[in-house]
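Down below is the structure, laid out as structure tokens.
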Amino acid sequence: MSETLRVKTQYEVIQKLLAYYHRSEKEKNDLRDYQEQQMVDLGMDSKTRFKEIQQVLGLRTEGAVFEFLGDCYQGSLQMPMVAFDTYRKLKIDGK
């Protein structure tokens, strides 16, 4: 709270602090909801690998990379053994 608090009574202080608290909680919840709906958490190692793939492919956005990789996965009739081993490891690790 960086703004100046101008009040005349202790009751007003309590009211303003409660309003500030509720506003902060709402903003925090709104941000969490936005992140859950709009974002994917890759972790630092996966993010680095993802950015490398983006650069190699020459795609400008992360969404384009995801779309490309998703289409490759869905359009492939066979899965390389290395990819299957990675899938099995991730499944066992609970990821």
(message) I'd like to check the salt bridge (charged side-chain N to carboxylate O under 4.0 Å, His left out) partners of Glu62; sequence neighbours left out, ordered by chain and number.
(response) Lys47, Lys51
(message) Once salt bridge (charged side-chain N to carboxylate O under 4.0 Å, His left out) is applied, do any residues pair with Lys91, and if so which ones, sequence neighbours excluded?
(response)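 Once residues adjacent in sequence are excluded, Lys91 has no partner under the salt bridge (charged side-chain N to carboxylate O under 4.0 Å, His left out) criterion.
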(message) Going by side-chain hydrogen bond (donor to acceptor under 3.5 Å, both in side chains), name the pairs with one or both residues in residues 64-73, residues two or more places apart or in two chains.
(response) none
(message) Quick test of your reading: applying salt bridge (charged side-chain N to carboxylate O under 4.0 Å, His left out), list the pairs with at least one residue in residues 5-15, sequence neighbours left out, ordered by first then second residue.
(response) none
According to side-chain contact (heavy atoms from CB on, under 4.5 Å), who are the partners of [X], at least two apart in sequence or on a separate chain?
X	result
Ile92	none
Arg60	none
Met44	Thr48

If hydrophobic residues (ILVMFWY) are linked whenever their side-chain heavy atoms come closer than 4.5 Å, directly or via other members, who joins [X] in its cluster?
X	answer
Val82	none
Ile14	Leu18
Val40	Leu42, Phe50, Ile53, Leu57, Leu59, Val65, Phe66, Phe68, Leu69

(request) For Asp93, enumerate each residue passing the side chain to side chain donor-acceptor pair (under 3.5 Å) test, keeping only those at least two apart in sequence or located in another chain. (result) Lys89
Exercise answer: donor-acceptor pairs, residues 26-34 side-chain atoms, under 3.5 Å, sequence neighbours excluded:
| unit_1 | atom_1 | unit_2 | atom_2 | d |
| --- | --- | --- | --- | --- |
| Lys26 | NZ | Asp30 | OD2 | 2.8 |
| Lys28 | NZ | Glu25 | OE2 | 3.1 |
| Asn29 | OD1 | Arg32 | NH1 | 3.2 |
| Asn29 | OD1 | Arg32 | NH2 | 3.0 |
| Asn29 | ND2 | Glu25 | O | 3.3 |

(message) Would you compute the distance between atom CD of Gln54 and atom OG1 of Thr61 and round it to the nearest 0.5 angstrom?
(response) 6.5 Å
(request) Tell me whether Tyr11 is reachable from Val13 by hopping between hydrophobic residues (I, L, V, M, F, W, Y) whose side-chain heavy atoms are closer than 4.5 Å. (result)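 Per the 4.5 Å side-chain linkage, Val13 and Tyr11 are not co-clustered.
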